[in-house]
Amino acid sequence: MINQAIIPLAGLGTRLLPLTKSFPKEMWPLGKVSILERILSECLSAGIKEIFLIISDRKKIIKDYFESDKEFEKKIFKNKKALQQLNILKKYKKKIKFVFQNKPLGLGDAVNTCKNKITSSHFLLVLPDDVIINSNCSKELITAHYKYKSSVVAIKKVSDRDVNRYGIVGYSAKNRNHLKINQFVEKPTIQTSPSNYAIIGRYILSKKIFKSLASKTKGKLGEIQITDAMQNLLISNEKFTGCIFKGKYLDCGTLDGYIKSFNEVGKN
Ligand code: UTP
């Protein structure tokens, strides 16, 4: 059963500075709710029962947001509508646990902080910069995991110009929306890229990934990369499926992307 998820939030958010200096991008609104609540809602609808939010000391504001505040509740207790709005957070609070990453050593290192928390063979990893609307991408990946009995990554075709911004997959076979992956490369040049299929932030990973991450070798940008750990697993015969998801991808990791995403969500 896939019933645990990891959501890494301990990055520095450098592309959105100075806006992210004291207010994490994951807390920014997208439509009527924050980016993070959208992601949490996707996880719960996909059947996830326990969610690990990886934060850092700089991002304690995220923990505070979900903490209940009795003093504040007392102040607004006559305002039923306001209380109701506040109580929405309680449904998430029950499912989340906070894990601290002491130094921002990269996504791979962030995931590795949960190595002793994952109890089943596979888990869901969701990157909050990548919002997917109109379809539950996590659910699609979980379905593909059971069908192919493999690890799964969400993928999307990108232009030649954009392959050097993403982790890219190579593949040996294609069955409708599913690819049999035979290679992972982090941010290749178009000349060395095995395809135009980019990994978008949703993964079903085997617990074996922790062993692969433990080697702690630094990849592109001097960070511990999840793509390199997946490539190591692939070499040791772990099966990976690429799932071309149905929903619409919104990139909230850059200011232009965030503004476009906000406008897109407003249309719905
Ligand atoms: P990014 O590489 O996009 O970094 O991280 P970032 O900090 O979000 O943003 P930029 O690039 O500096 O603008 C991908 C995901 O991994 C998390 C981030 O919070 C984000 O969700 N992450 C990254 C960590 O949790 N820890 C890290 O050490 C690095």
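Remember, it's 1-based here, ligands and their atoms both numbered in the order they're listed. Note that these values count all heavy atoms, side chains included, but never hydrogens, waters or copies made by symmetry.
A salt bridge does not link Lys75 to Asp69: none of the charged side-chain nitrogens sits closer than 4.0 Å to a carboxylate oxygen. Salt bridge annotation for Lys63-Glu67: present, with a cationic side-chain nitrogen under 4.0 angstrom from a carboxylate oxygen.
Heavy atoms of Pro128 come nearer than 4.0 angstrom to ligand 1 in at least one pair. The closest approach between a heavy atom of Leu9 and any atom of ligand 1 is below 4.0 Å. Ligand 1 has no atom lying under 4.0 Å from any heavy atom of Ile54.
Looking at Pro8 next to ligand 1, an N or O pair under 3.5 Å apart turns up. Residue-to-ligand polar distances keep Leu127 apart from ligand 1: every N/O pair is separated by 3.5 Å or more. Ligand 1 has no N or O atom lying under 3.5 Å from any N or O atom of Lys103, backbone or side chain. An N or O contact shorter than 3.5 Å is missing between Leu16 and ligand 1 by distance. Of the polar atoms of Leu107, none of the N or O atoms is found under 3.5 Å from an N or O of ligand 1, judged by distance alone. Every N/O-N/O distance between Ala110 and ligand 1 stays at or above 3.5 Å. At under 3.5 Å, a nitrogen or oxygen of Gln101, whether backbone or side chain, sits near a nitrogen or oxygen of ligand 1.
Ligand-side atoms of ligand 1 in range of Pro104: 28 (O), range being under 4.0 angstrom from any heavy atom. Residue contact check: Leu105 has heavy atoms under 4.0 Å from atoms 28 (O) of ligand 1. Taking a cut-off of under 4.0 Å to the non-hydrogen atoms of Lys25, the atoms of ligand 1 that pass are 6 (P), 8 (O), 9 (O). Of all atoms in ligand 1, numbered sequentially from 1 with element shown, those under 4.0 Å from a heavy atom of Leu12 are 7 (O).
Between Cys252 and Leu30 there is a side-chain heavy-atom pair separated by less than 4.5 Å. The shortest distance between side-chain heavy atoms of Leu16 and Phe23 does not fall below 4.5 Å. Inter-residue side-chain proximity for Asp251 and Tyr258 is flagged as unmet; no heavy-atom pair is nearer than 4.5 Å. With a 4.5 Å cut-off on side-chain heavy atoms, Gln4 and Thr119 count as touching.
Between Asp129, Ile6, Thr113, Thr14, it is Thr14 that holds the heavy atom closest to atom 10 (P) of ligand 1.
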The test is side chain to side chain contact (heavy atoms under 4.5 Å, CB included); show your working for Tyr197 and Val158 and say whether it passes.
CA-CA 6 Å; Tyr197 284 106; Val158 296; over 6 Å; no
Which is it for Asn87 and Lys90 under the side-chain hydrogen bond (donor to acceptor under 3.5 Å, both in side chains) test, yes or no, and what are the steps along the way?
CA-CA 5 Å; Asn87 282 340; Lys90 289 190 177 159; 3.1 Å; yes
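Rounded to the nearest 0.5 Å, atoms CZ (Phe123) and CD1 (Ile6) are 4.0 Å apart.
Closest of all the heavy-atom pairs between Lys207 and Ser120 is CD-O, 3.1 Å.
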